[in-house]
Amino acid sequence: MIAEVIINITAKRLQKTFSYIVPEELFVRVGTRVLVPFGHRREEGVIVALHPADSVQHDYVLKPISSVLSVQTGFQEEMIATALWISDYYLCSMSDSLRLFMIEKKGIVAHTYVTVENRDMLLQLNGKNIWEYLENKKNEEKKILCNQFGQAFIEKLIEKHALKEEKQLQNKIADKTEKWLYFVDDDCQSILKNRKKQMHLLAELKENGPAPLSFWIQKGYSRDIIQHLVQTKLAAIDIRLKQTVDLTEKEAADKPWQLTPEQEHAVTVIKNDTKGSTYVLHGVTGSGKTEIYMDLAEQVIARGRQVIVLVPEIALTGQIVRRFIRRFGNDIVVMHSQLSKGERQNNWLRMQKEESHICIGARSAVFTAVSNLGLVIVDEAHDSSYKQDETPRYHAVAVARKRASYYRCPVILGSATPSLDSYYRAQKGEYVLLELSRRVQNKPLPDVRVVDMREELARGNRSVISDALATLLDQTLACRQQAIILLNRRGFSTFVMCRKCGYVVKCKTCDVAMVYHKSQHNLRCHYCDTEIPVPVVCPSCGSKYIKFFGTGTEKVEEQLHDRYPQARIIRLDQDTTGRKNSGDKIIEAFRRHEYDILLGTQMVAKGHDFPEVSAVGILSADSLLNLPVYWAGERTFQLLTQAAGRSGRGNVPGHVVMQTYAPEHYVIQCSKYQDYKSFYEKEISYRQELLYPPFHQIVKITVTYEDESFMWKAGNRIFDLLAAWRLRYDQNIEIIGPYVDTIKKIRNKFRIIVLIKGADLVKIKKYIKEEAEFHKTGIIIDVDPSI
DNA sequence: AGCACGCCGACT
DNA sequence: GTCGGCGTGCTC
């Protein structure tokens, strides 16, 4: 047999497979991870195809596969097929797309070991202590030896052949294990006669079954007790894969109230799916989509198939996940960013071996190893976090649909504000539309008031909080209800300017104004996280008239504190959540009503269920709207509607104040009435007129280098190649650019963009995939860009 | 990605 | 004459 192998190295230029002979004694299949000779070294690879030895003629000599690295963590054929599709569709290398399916990105790790080659030479070169060190150990890792005796010295001894170095590859894909205590026998009265504690342990072990040692220790049995019991041979210890979900029984408590007729209808339609369609579940905020998800998941599991549930990153520790865990207990695996590699690996294996049937997680959970997929649920499917913003720039919904099509199983895209793309496809009949028009228990949608901030200023209110919002907050706090305030900018002041000469403090390495953060009293760049002290005099003209402009969440927090000294206010943005997702702690504390006002960036708008929130204030409804990008209207509508939907989910009706400078704009008006359909009609006709997605597809090529003139050369070359292709093969395609990116420079690298736009980009994408010029460092290809 | 190969300038 | 810079090309 001949195996086609993708070499698992991140080389942009290495875009092809390599053929190897499969030795007869090796058992391999498509998806097996193998070690292969590659040039003068050995590399890990993945088999993507197998065929009989005589079917293809090669004009070079084939080498054999060295060994199988891991059968256990290999891939299903479907995963290989999906990876190949991703590499074709998103124009990334095949190794990049395959790596999406891996927990350990590399299956092997190289260690260099040192042994003695010539004893006399070693002693002669003052290496007596090294000789003594190695005498018993035989060999030692080079790294450790260098630390101990100095790198230069070791290198010299190797060069003089006193020592010898040897590279060894180690299989890195090891499973995380833990020790379990299990019951053997209790014919023991005589043995355990005076050993009360051990007898207790044995009894409990017999009754409750095996459990990890840590579990018993926590229960108060010491290591010694366990050890003694094991010595009696009445119990024993074995090593098992570490479990990540604890063994709590699932609670039946969360059994739902009766489904509404609309919910019932949606469940029935999807349950009877035979074609593997995609369903757009368009439900207003608070219409009970989670109930539908859980009902369907339960039915899919009952048929022995598996479910992938995708949620936005921010919702991962939230309500929806807890509800799933409560209902499905150990049958569920949660993939979140704080798991260790070992825990991920075990979750991965649990799904692969069908020990668990549901995997719930953020974007990357779409790559879960499943062998029998029965349903994919994408919650808040419009959320921008489903598009990866580094190579490979895939969209989780597209990948989900691809995987589901292989298993002919349905995909559910749930949202109160479906993406224009998915709603459009539903209109065309490509997707199936399911509407949930009512909130559960017929709770009313919130009442939204739009405030024109120009009038506010004319009346002399110069604060960022309008009178209407102030009144609403007064009432809300008086009734002991909660409020959410949304402002899409973090920091205190958004820029710092000299009033004398107009100089604006910019980041040294990025072409953006620096933001003043009062809590740390410094200026920060939001693109590269550089921090500098606040200048006392103007760095340009030396004047003292340095002023702070613009308003961020920090400043609003201060103003709210002044206005409502008794209110408990908490801020939720990147600065308060830090790196380690402590956002959910803030959200939970707010849900428990430990705070009265939650203030923050768009994070506050995402899918949370706060029953006691009755007021929402949106301070600057049109901040996104003015961005010069085609999707500005769609994003703004989603943000406003989602934010407004946070209020009135409990027993008190909700009120929303939207502050804007463009009150008559259709995006503002449509979100005021939570009127998705009118918004859709307006927005889709605008997209059609200007031939934006979903009518035309876009491929964005960013060229970014430190050397500005080199960048222009490369960008123009990219443009020329595309323009030449266009002229020759398809003049319906537009090639736009190269033009300077909205942010000219990030981290000292200048940025320009070339856009490709057209109704059908399949052929030109194929050309890009094959032309080496597009696969160099500094060139970023983004298919269906969302920014 | 690594690494060999090869072509050129600058040194003992 | 040799050391070493990095541009080019190859890996089944």
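In what follows, chains carry the letters A, B, and so on, assigned in the order in which the sequence lines appear, proteins first and then strands, with residues in each chain numbered from 1. This is a predicted model, so every value here is computed, not measured.
Across the protein-nucleic acid pair, E43(A) atom CD and dA1(B) atom C1' stand 8 Å apart, rounded to whole Å. Separating the CD1 atom of I6(A) from the P atom of dT11(C) is a distance of 17 Å, rounded to the nearest angstrom. Here dA4(B) presents its P atom at 14 Å from CZ of F38(A), a figure rounded to the nearest Å. The nearest whole Å value for the distance from the NE2 atom in H40(A) to the C1' atom in dC12(C) is 14 Å. Separating the NZ atom of K105(A) from the P atom of dA1(B) is a distance of 17 Å, rounded to the nearest angstrom. Distance, R41(A) CZ to dC3(B) P: 6 Å, rounded to whole Å. In this structure, K12(A) places its NZ atom 23 Å from P of dT11(C), rounding to the nearest Å. Protein atom CG of L62(A) is 6 Å distant from nucleotide atom C1' of dC12(C), rounded to whole Å.
Residue I21(A) is classed as having no contact, given no heavy-atom separation below 4.0 Å to the nucleic acid. Across all strands shown, K16(A) has heavy atoms under 4.0 Å from base atoms, whether or not it also approaches the sugar-phosphate. Using a 4.0 Å heavy-atom criterion, one finds that V5(A) contacts no nucleic acid atom at all.
Counted by atom type alone, D707(A) and S709(A) present one or more donor-acceptor pairs between their side chains at under 3.5 Å. A side-chain N or O of S385(A) and one of D383(A) form a donor-acceptor pair less than 3.5 Å apart. A donor-acceptor contact under 3.5 angstrom links the side chains of S95(A) and S93(A), judged on distance only.
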Are F149(A) and Y133(A) close enough, and set up right, to give a ring-ring contact (aromatic ring centres under 6.0 Å, His included), and what steps lead you there? CA-CA 11 Å; F149(A) 301 99; Y133(A) 185 94; 5.8 Å; yes

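Listed candidates were dC12(C), dA1(B), dC3(B). Nearest to the side chain of S19(A) is dC12(C).
In this model, the phosphate group of dC12(C) is approached by a side-chain N or O of Y20(A) to a distance below 4.0 Å at OP1 or OP2.
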